[in-house]
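Structure first, then comments.
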Amino acid sequence: MFHKSHSRKDLLDIIKLFKLPIEDAEDHNKKILSEKLFYTLYNEIDFIEADDDYYGIQNLHELKEYLIKPNQKKILSVKDKNEIMKMSKLIIQYCKVGYCTELSYFNTIDEIYSEARRLSQFGDIPSVRRMCQMLNKNPHSKEIILPVVSKKIQKDLEIKQLTQKKVFSMLTVKTQKVILSFD
């Protein structure tokens with residue numbers, strides 16, 4: 001059976017992405033959906049199309065391996081995720097106060113950057129991405145910290161960025177003098 005860390009939504013995404021022949025997949029709960037997916041993968045199909053964009057799965061064997069192992073996105077417990085977000089927000093606060101260690105939670109710049117390097121591996125969390133972006137603008141340091149982002153989140157961010165560009169391209173701002181007179 002598949003690992004329980006894969007949510008119903010994850011299973012539905014996999015069914016849609018790999019075009020698996022499971023009818024009315026949205027109507028089933030996680031347990032039944034997992035059973036049907038297991039049966040389909042092990043008994044009904046021999047081949048799937050490769051996916052380079054979201055999961056990086058090339059064949060049926062890799063898909064089975066992916067589903068048997070714990071979900072990589074769900075490795076963090078709620079407590080760990082809250083700790084990561086808290087530390088990210090403290091570094092963001094350091095950036096907001098003008099990159100001044102005296103006004104921040106941290107004592108030295110080295111302490112900040114070592115913590116940021118540790119947190120950067122959790123780039124799927126928005127606070128971590130924002131922390132890296134703001135920290136890279138630090139005029140006192142040349143070090144660049146890049147967040148490690150999964151392929152699926154990277155693709156979602158690209159789509160979000162494209163849709164935002166379309167919205168802003170319609171907005172036109174004109175600056176000119178306006179004279180108001182009151183009678």
Side-chain angles (χ1 to χ4, degrees), residues 2-14 16-17 30 50-58 61-175:
F2 299 134
H3 198 273
K4 63 182 181 181
S5 63
H6 296 282
S7 68
R8 179 178 177 273
K9 184 179 182 301
D10 294 334
L11 297 177
L12 287 171
D13 287 345
I14 287 171
K16 288 176 185 173
L17 183 66
K30 180 182 172 182
D51 168 54
D52 294 322
D53 295 334
Y54 287 106
Y55 296 101
I57 295 173
Q58 301 299 318
H61 177 71
E62 286 183 16
L63 178 58
K64 292 175 186 175
E65 288 287 320
Y66 175 79
L67 290 169
I68 289 171
K69 293 179 182 175
N71 191 345
Q72 297 162 346
K73 295 184 293 182
K74 307 280 196 285
I75 291 174
L76 293 174
S77 67
V78 172
K79 183 179 177 182
D80 292 339
K81 188 173 180 180
N82 287 340
E83 159 68 21
I84 290 167
M85 290 175 62
K86 177 184 163 194
M87 293 308 289
S88 295
K89 289 177 182 179
L90 288 171
I91 294 175
I92 290 170
Q93 185 62 32
Y94 158 78
C95 297
K96 285 182 175 179
V97 296
Y99 304 101
C100 180
T101 54
E102 289 82 25
L103 300 175
S104 72
Y105 170 80
F106 301 97
N107 297 325
T108 64
I109 292 177
D110 292 336
E111 186 181 345
I112 293 167
Y113 275 90
S114 65
E115 185 65 23
R117 275 186 241 103
R118 183 184 73 83
L119 296 176
S120 69
Q121 66 181 334
F122 304 106
D124 287 351
I125 300 173
S127 295
V128 173
R129 292 194 302 269
R130 184 166 181 240
M131 172 206 65
C132 291
Q133 182 183 28
M134 292 178 79
L135 202 55
N136 289 338
K137 294 177 182 176
N138 186 351
H140 308 297
S141 176
K142 301 270 190 242
E143 185 174 350
I144 301 294
I145 296 178
L146 299 173
V148 178
V149 182
S150 67
K151 289 183 180 182
K152 183 173 169 92
I153 300 294
Q154 184 66 40
K155 191 75 168 174
D156 291 344
L157 289 172
E158 289 171 5
I159 291 170
K160 183 178 177 182
Q161 190 176 28
L162 286 174
T163 56
Q164 286 179 343
K165 283 183 182 177
K166 290 180 182 176
V167 171
F168 288 123
S169 65
M170 290 185 260
L171 177 66
T172 310
V173 178
K174 295 182 180 179
T175 55

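In this text the structure is predicted, and so the values were computed from the model without any measurement.
Nearest heavy-atom pair across Gly123 and Val149 is O-CG2, 3.7 Å.
Here the CE-CD1 distance, from Met85 to Ile92, works out to 9.5 Å after rounding to the nearest 0.5 Å. Rounding to the nearest 0.5 Å places NZ of Lys81 at 11.5 Å from CZ of Phe122. Separation of atoms CD (Gln133) and CG (Leu146) is listed at 11.5 Å; rounding is to 0.5 Å. Here OG of Ser120 is found 12.5 Å from CD1 of Ile144. Values are rounded to the nearest 0.5 Å. Taking CZ from Arg117 and CG from Leu135, the interatomic distance works out to 9.5 Å, rounded to the nearest 0.5 Å. Rounding to the nearest 0.5 Å places CD1 of Ile91 at 12.5 Å from NZ of Lys86.
Relative orientation of the His140 and Tyr99 rings is perpendicular, given thresholds of 30° and 60° on the angle between their planes.
Side-chain contact check for Ile145 versus Glu143: some heavy-atom pair is nearer than 4.5 Å. Using a 4.5 Å heavy-atom threshold, the side chains of Thr101 and Ile109 count as touching. Residues Tyr94 and Met131 have side chains not in contact (no heavy-atom distance under 4.5 Å, counting atoms from C-beta outward). The shortest side-chain heavy-atom distance between Lys89 and Ser127 falls under the 4.5 Å cut-off. Side-chain contact between Leu157 and Arg129 is present, with at least one heavy-atom pair separated by less than 4.5 Å.
Salt bridge status for Asp13 with Lys9: present, with a side-chain N to carboxylate O gap under 4.0 Å.
Counting heavy atoms of neighbouring residues, nucleotides and ligands inside a 6.0 Å radius, atom OH of Tyr105 does not exceed 12 of them. For His3, the NE2 atom sits in a packed shell: over 12 heavy atoms of surrounding residues, nucleotides or ligands are nearer than 6.0 Å.
Glu115 places no side-chain N or O within donor-acceptor distance of the main-chain N or O of Glu111, the cut-off being under 3.5 Å. The backbone N or O of Ile153 sits nowhere less than 3.5 Å from a side-chain atom of Asp124 that would complete a donor-acceptor pair. For Lys137 (side chain) and Cys132 (main-chain N/O), no donor-acceptor pair under 3.5 Å exists by modelled atom type.
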Please evaluate residues Leu17 and Ile57 with respect to the criterion side-chain contact (heavy atoms from CB on, under 4.5 Å), reporting the C-alpha separation (whole Å), side-chain torsions for both, the decisive distance (0.1 Å), and the verdict.
CA-CA 11 Å; Leu17 183 66; Ile57 295 173; over 6 Å; no
Assess the residue pair Gln93 and Phe106 against the criterion (side-chain contact (heavy atoms from CB on, under 4.5 Å)); give the C-alpha distance rounded to whole Å, side-chain angles, the decisive distance to 0.1 Å, and a yes or no.
CA-CA 10 Å; Gln93 185 62 32; Phe106 301 97; over 6 Å; no
Intermediate values then yes/no, side-chain contact (heavy atoms from CB on, under 4.5 Å), Ile112 and Leu90
CA-CA 9 Å; Ile112 293 167; Leu90 288 171; over 6 Å; no
side-chain contact (heavy atoms from CB on, under 4.5 Å) between Lys30 and His6, worked out:
CA-CA 9 Å; Lys30 180 182 172 182; His6 296 282; 5.6 Å; no
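Between the side chains of Asn138 and Ser141, no donor N or O sits under 3.5 Å from an acceptor N or O.
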